[in-house]
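Below, read A as the first sequence line, B as the second, and so on, with proteins coming before strands; counting in each chain starts at 1. Just the heavy atoms: all of them, side chains too, but no hydrogens, waters or symmetry mates, feed the values below.
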Amino acid sequence: MRNKIVELKNVTKNFGNQQVLKGIDLNIYENEFLTLLGPSGCGKTTILRIIAGFEEPSGGQVLFNGIEFSKVPPYKREVNTVFQKYALFPFLNVEENVAFGLNLKKTEKGVVGEKVSRMLKLVGLEGFEKRDVDRLSGGQQQRVAIARALVNEPKVLLLDEPLGALDAKLRKEMQVELKKIQKEVGITFIFVTHDQEEALSMSDTVVVMNQGTIQQIGTPVDIYNEPENRFVADFIGESNIIDGQMLRDCLVRFDGMDFECVDKGFKDNEEVEVVLRPEDLVIVKPQEAQIRGRVTSVVFKGVHYEILIETETREYKVHTTQFFETGLSVGIIFDKDDVHVMYKMDY
Amino acid sequence: MKKHIELTENDNVNEDNLKVSGKRKDKNMKSKKLGSILYIGLVFFFLYLPIFVTMIFSFNSSKSLTRWDGFSLRWYERLWTDRDIIAAVWVSVSIALLATVVSTILGTITAIGLSKCRKVLKEWILNVNNIPVLNPDIVTAIGLMILFSSIGFFEKGYMTMLFAHIIFCTPYVITSVYPKVRALDVNLANAAMDLGATPFQALTKVIFPMIKPGIFAGILLSFTMSFDDFVVSYFVTGNGVSNISIVVYNMTKRTNPTINALSTLVIIVIVITMLIVNLVPMLAKRQDKTNMKNERNTK
């Protein structure tokens, strides 16, 4: 059984008369790479700041190792943060930046040197000890920020969109690197991002948020394959979202046609929403399929073509490696386990 | 022809100048250079001539301020034995130091506090802060004089002068420190606390080093403002307490080369201070560089 390290119980936060967190319940476990994912303004950074101690929750409880700590000041928490723009101290060099926390704790000088050089080795910055931090590239500054936080041996590392300022290629490299570092130091990472691809590729657990509420908590595979509602399906990857009706277990009707599926537990004839991922749809000859339409647009995307097919009732987005000409009449088929049925959201 | 091309390439001149031959352009450049040297020479001449005359006549053996009668140090001896002047130097220096310390602390804390204020309040305070800076000294002086007399709590003298100096120095500190505070990344203090610093440690170990240039500028400004203030000091002092400016003002009523001697000493002190202020950072930088080089070599 994994141990909970941070628990949020019905946490709310108001700024003025605006409620940015509307009752957050969240368990964060030891050694977990957890990502808070959501559009900007959804409250993900506020959760991070509450765990770091820079904000006090307006209501609810925050537990650390089972002990309430929402009133504990940030400098007494076993939590360290990697800030969005790194917030390195420009008047100190790389080594002094990393040693900052240890020196505050009056650590012995030899121990400080040893820990700092071990940490710089971990993040791949050996030989940069005496450099000025503002003479480093964005990626290197990022590594200094990670080393500066990790050298204090926190129980939890908080990362506030740390890869946002890096270019696409470097970001990919740092994603792999961060995951590697997390495995190596074996502590909990709480990572905030609005980039769904980043979240899916790095995390053990993804928490999808919108407008101050949690939409879904799950593994990246769960979140992608079994989105709980329209928001998650829309935010994570691309999808065709269709209004439908659950006739009974494993049978859903939309656009006047009945389709087999694998979802159960809905009420009979319940109004639902159906997600069909573009890459799960297969284009066939019209006579071989229930859904028929005409190709209206073909866009080359590198790995695949993005093809729009217009039927009588709607437009389907299909990803396929095969080329189809515009104007061609086609049919669309899919497997029954590619039909994802979700509860309908109230707007 | 070749020379022509070279010139156009090097000097990035416009089309009109292209028609001017190389030789004539050279001449133009020379006279331009001469003109600028002449100009800067004139500026320095008028700025520094009075100071030099003062310094030279401080060594004059007679009382005349216009006729040179030979070298002597008698005015310096006179200076040394004049108890009024010694007392005034002490008053000026001690008040300048105390006022600088107090107003620097006050102004810096205010500037840091202002950065956390609501925007409306912040703009108000900054605007109000500019009033004493722009206000004519005489208005400030009379205002403070009336204030101190009406309170009647302090006897006019050293303390009133000190308070007045703190009052007019603080706005300068705020004006020089606040831009530095505003330029700070808000997360720097958070980062320090995140790494285990108490709020006070965050202030001393991160915020102060970051705004140090602003604080230094504030210190220099308030020291000079306080040290050479005449108007405010003259109005708020009493009980025979006077600073250098007041003593000099009183002495100018009759010719007295002791003033020249005093001025010369003040100028020398200022020049030495400026040298230290400018040279120390330069030397420190050079030291750093050689240290780094040595380290690299040993590696």
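- Per-residue counts of heavy-atom pairs under 4.5 Å with chain B were compared for A:V79, A:L88, A:N152, A:N80; the largest is that of A:N80.
- Because its NZ or CZ atom is not both nearer than 6.0 Å to the ring centre of A:F64 and within 45° of the ring axis, A:R77 does not count as a cation-pi partner of that residue.
- Cation-pi check for A:R143 over A:F128 is not met; the charged atom does not lie both under 6.0 angstrom from the ring centroid and within 45 degrees of its normal.
- Between B:D137 and B:F230 the shortest side-chain heavy-atom distance does not fall below 4.5 Å.
- Between the side chain of B:S94 and the backbone N or O of B:V91 there is at least one donor-acceptor pair closer than 3.5 Å.
- Atom NZ of B:K180 has 12 or fewer heavy atoms from other residues, nucleotides or ligands within 6.0 Å.
- Heavy atoms of A:R49 lying under 4.5 Å from chain B belong exclusively to its side chain.
- A donor-acceptor pair under 3.5 Å links the side-chain atoms of A:E32 to the main chain of A:Y29, judged by distance alone.
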When the side chains of residues 107-125 of chain A are checked against the rest of the protein, which donor-acceptor pairs come out under 3.5 Å, sequence neighbours left out?
{"residue": "A:T107", "atom": "OG1", "partner": "A:L102", "partner atom": "O", "Å": "2.7"}
{"residue": "A:S117", "atom": "OG", "partner": "A:G113", "partner atom": "O", "Å": "3.1"}
{"residue": "A:S117", "atom": "OG", "partner": "A:E114", "partner atom": "O", "Å": "3.0"}

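- A:F191 and A:F33 have tilted rings, their planes meeting at an angle from 30° to 60° on a 0 to 90° scale.
- For A:K85 and A:D160, the salt-bridge test fails: no basic side-chain N is under 4.0 Å from an acidic carboxylate O.
- Just one residue in the list A:V192, A:T205, A:T193 forms a side-chain contact (heavy atoms from CB on, under 4.5 Å) with A:L36, and that residue is A:V192.
- You'll find the side chain of A:D25 stays beyond 4.5 Å of the side chain of A:L8, heavy atoms only.
- Among the candidates A:V82, A:L92, A:L104, the residue making the largest number of heavy-atom pairs closer than 4.5 Å to chain B is A:L104.
- Residues of residues 164-179 of chain B lying within less than 4.5 angstrom of chain A, judged on heavy atoms, are absent.
- Looking at A:R131, its side chain never comes within 3.5 Å of a backbone N or O of A:L136 through a donor-acceptor pair.
- Other residues, nucleotides and ligands contribute at most 12 non-hydrogen atoms within 6.0 Å of the OH atom of B:Y48.
- The contact list for residues 184-222 of chain B toward chain A, using heavy atoms and a distance under 4.5 Å, reads B:D185, B:N187, B:L188, B:N190, B:A191, B:A192, B:M193, B:D194, B:L195, B:G196, B:A197, B:T198, B:P199, B:Q201, B:K205, B:V206, B:P209, B:M210 by residue number.
- For residues 97-132 of chain B, an interface with chain A (any heavy-atom pair closer than 4.5 Å) does not exist.
- In the displayed structure, A:E177 atom CD is contacted under 6.0 Å by more than 12 heavy atoms of other residues, nucleotides or ligands.
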